[in-house]
K.L.:
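To start, I am sharing the structure in question, which I have written as structure tokens.
All values derive from a computational prediction rather than experimental measurement. In listed order, ligands and their atoms are each counted from 1.
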Amino acid sequence: MEYLTMANGVKIPKLGFGVFQIPQDQTEQAVHDALEAGYRHFDTAQSYFNEEQLGTAIADGGVDRSELFVTTKVWIEHYGYEQTKASIERSLTKLRMDYIDLVLLHQPFADVYGAWRALEDLYEQGKIRSIGVSNFSPDRLADLGAFNRIAPMADQIETNPRNQQITPHEEMAKRGVIHEAWAPFGEGRSGLFDDPTLKAIADNHGKSVAQVILRWLTQRDIVAIAKSVHKERMEQNLDIFDFRLGEQEMNAIAALDTKTSLFFDHHDPATVDMFVHMLEERRGRA
Ligand SMILES: NC(=O)c1ccc[n+]([C@@H]2O[C@H](COP(=O)([O-])OP(=O)(O)OC[C@H]3O[C@@H](n4cnc5c(N)ncnc54)[C@H](OP(=O)(O)O)[C@@H]3O)[C@@H](O)[C@H]2O)c1
């Protein structure tokens, strides 16, 4: 495994296993398989409703806690100083852990400032080893860093060959923020697994398109969070550190960028409406 080092010296494995959209009754098995495949970095969130199953699988998994890197994210419903603090205590209980390696604010909406101050305090108390954000654009990231005691150490944003996030990556690198990629495969949208450019590069190395994408991200010094419920794919997705993409291949992939989200645009007011609606639907669940 290769690692990146966050601004506070904490090392983060470049490849993580995400459990978004894995149903509760499949999460324990998936995490067991992922541990067996060799994953040591796990990514969940309060809003995925499977922190408890992840915690159980890790507790039973036989891997020392010190070898693991676990991330969770605070859901918007829990933003604000006191609520965020209480929600992290609940996450710790569900995860059956006495510290979390990385806690992110999941979305850039609602009382981000109150929530951030709670993360700062829990970080200083040692309950969280590093703190960051998710889905923050470069301006929001700069703002949060500029007017608080502690600047975000990571920003997890959608990043895949169709939405490469070149400018946000440069901004993060300038500010010493780790760039994490969610939906590295774009969940397969826009025919990504069948893209002819990616297929040709994959054939050239005797690898799969998925492996080429993960290699491309990690080679750009981006932490990739991939999800699969199939053990052979979990193993395949980890097996990316024995080859390197050449400059021409990196340039060919760069040409696939549409600079457009495959999901939703965080600058669009309709996205805020979508989250408000989601909050109403899920109130009290996360
Ligand atoms: N911060 C955020 O707002 C945010 C948002 C979305 C996701 N995330 C994080 O990022 C993680 C990954 O994102 P994601 O799950 O949305 O999408 P993704 O990793 O881009 O795509 C997952 C899809 O790809 C398939 N797949 C995985 N490996 C494959 C392979 N080697 N060959 C072919 N298909 C493969 C999976 O199918 P099978 O499972 O059937 O194998 C699944 O359908 C999440 O689990 C979560 O931890 C964060």
K.L.:
Could you walk me through whether Phe263 and Trp182 pass ring-ring contact (aromatic ring centres under 6.0 Å, His included), step by step?
P.N.:
CA-CA 11 Å; Phe263 298 87; Trp182 65 254; 5.2 Å; yes

K.L.:
Please assess Arg215 against Asp242 for the test salt bridge (charged side-chain N to carboxylate O under 4.0 Å, His left out), listing each intermediate value before the final yes or no.
P.N.:
CA-CA 10 Å; Arg215 180 68 218 183; Asp242 62 347; over 6 Å; no

K.L.:
Nearest protein heavy-atom contact for atom 47 (O) of ligand 1: which residue, which atom, what distance?
P.N.:
Asp43 OD1, 2.7 Å

K.L.:
Could you tell me whether Leu104 approaches ligand 1 through its side chain, its backbone, both or neither, with non-hydrogen atoms closer than 4.0 Å?
P.N.:
neither

K.L.:
Which option out of Phe17, Phe42, Phe185 puts a heavy atom nearest to atom 20 (O) of ligand 1?
P.N.:
Phe185

K.L.:
Can you tell me the protein heavy atom closest to atom 3 (O) of ligand 1 and the distance?
P.N.:
Asn135 ND2, 2.9 Å

K.L.:
Taking only heavy atoms of His230, which atoms of ligand 1 are found under 4.0 Å from at least one of them?
P.N.:
38 (P), 40 (O), 41 (O)

K.L.:
Check each heavy atom of Lys73 against ligand 1 and say whether those closer than 4.0 Å belong to the side chain, the backbone, both or neither.
P.N.:
side chain

K.L.:
Less than 3.5 Å between some nitrogen or oxygen of Ala181 and one of ligand 1, yes or no?
P.N.:
no

K.L.:
Give a yes or no on whether the ring-centroid distance for Phe264 and His266 is below 6.0 angstrom.
P.N.:
yes

K.L.:
Pull out every atom of ligand 1 sitting under 4.0 Å from any heavy atom of Gln156, numbered as shown with elements.
P.N.:
1 (N), 2 (C), 4 (C), 8 (N), 9 (C), 48 (C)

K.L.:
Which atoms of ligand 1 are found less than 4.0 Å from any heavy atom of Gly186?
P.N.:
20 (O)

K.L.:
Under a 4.0 Å N-O cut-off, is there an ion pair linking Glu82 with Lys85?
P.N.:
no

K.L.:
If you apply the rule side-chain contact (heavy atoms from CB on, under 4.5 Å), what do you find for Val223 with Glu2, and how did you get there?
P.N.:
CA-CA 10 Å; Val223 172; Glu2 294 178 3; over 6 Å; no

K.L.:
Judged by non-hydrogen atoms, does Tyr48 sit under 4.0 Å from ligand 1?
P.N.:
yes

K.L.:
Kindly indicate whether the side chain of Leu144, heavy atoms from C-beta on, has any atom under 4.5 Å from the side chain of Val112.
P.N.:
yes

K.L.:
Within ligand 1, which atoms have a heavy atom of Val229 less than 4.0 Å away?
P.N.:
38 (P), 39 (O), 40 (O), 41 (O)

K.L.:
Go through the steps to decide whether Lys73 and Asp43 satisfy the test salt bridge (charged side-chain N to carboxylate O under 4.0 Å, His left out), and finish with yes or no.
P.N.:
CA-CA 9 Å; Lys73 313 181 194 81; Asp43 183 276; 2.5 Å; yes

K.L.:
How far is atom 22 (C) of ligand 1 from its nearest protein heavy atom, and which residue and atom is that?
P.N.:
Lys227 O, 3.5 Å

K.L.:
Please identify which atoms of ligand 1 are closer than 4.0 Å to at least one heavy atom of Gln236.
P.N.:
30 (C), 31 (N)

K.L.:
Which residue and atom name correspond to the protein heavy atom nearest atom 13 (O) of ligand 1, and how close is it?
P.N.:
Ala183 N, 3.2 Å

K.L.:
Answer side chain, backbone, both or neither: which part of Pro184 comes under 4.0 Å from ligand 1, heavy atoms only.
P.N.:
both

K.L.:
If you have a sec, work out which protein heavy atom is nearest atom 16 (O) of ligand 1 and how many Å separate them, to one decimal?
P.N.:
Glu187 OE2, 2.4 Å

K.L.:
Heavy-atom distances under 4.0 Å decide this one: backbone, side chain, both or neither, for Val19 against ligand 1?
P.N.:
backbone

K.L.:
Is a donor on one side and an acceptor on the other found under 3.5 Å between the side chain of Gln24 and the backbone of Phe49?
P.N.:
yes

K.L.:
Where does the angle between the aromatic ring planes of Tyr48 and His106 fall among parallel (under 30°), tilted (30 to 60°) and perpendicular (over 60°)?
P.N.:
perpendicular

K.L.:
Can you find a side-chain donor-acceptor pair between Ser190 and Arg162 that sits under 3.5 Å?
P.N.:
yes

K.L.:
How close does the nearest protein non-hydrogen atom get to atom 44 (C) of ligand 1, and which residue and atom is it?
P.N.:
Phe20 CB, 3.4 Å

K.L.:
For ligand 1, which atoms sit closer than 4.0 Å to a heavy atom of Ser134?
P.N.:
1 (N), 2 (C), 3 (O)

K.L.:
Identify whether the distance between the nearest side-chain nitrogen and carboxylate oxygen of Lys227 and Glu187 falls below 4.0 Å.
P.N.:
no

K.L.:
Who's the nearest protein heavy-atom neighbour of atom 4 (C) of ligand 1, and how far?
P.N.:
Trp182 CG, 3.3 Å

K.L.:
Salt bridge or not between Arg233 and Asp33? Use side-chain N to carboxylate O under 4.0 Å.
P.N.:
no

K.L.:
Describe, in one word, how the ring planes of Phe109 and Phe275 are oriented to each other, choosing from parallel (under 30°), tilted (30 to 60°) and perpendicular (over 60°).
P.N.:
tilted

K.L.:
Tell me whether Ala210 has any N or O atom under 3.5 angstrom from an N or O of ligand 1.
P.N.:
no

K.L.:
Provide, to 0.1 Å, the distance between atom 37 (O) of ligand 1 and the closest protein heavy atom, together with that atom's residue and name.
P.N.:
Arg233 NH1, 3.2 Å

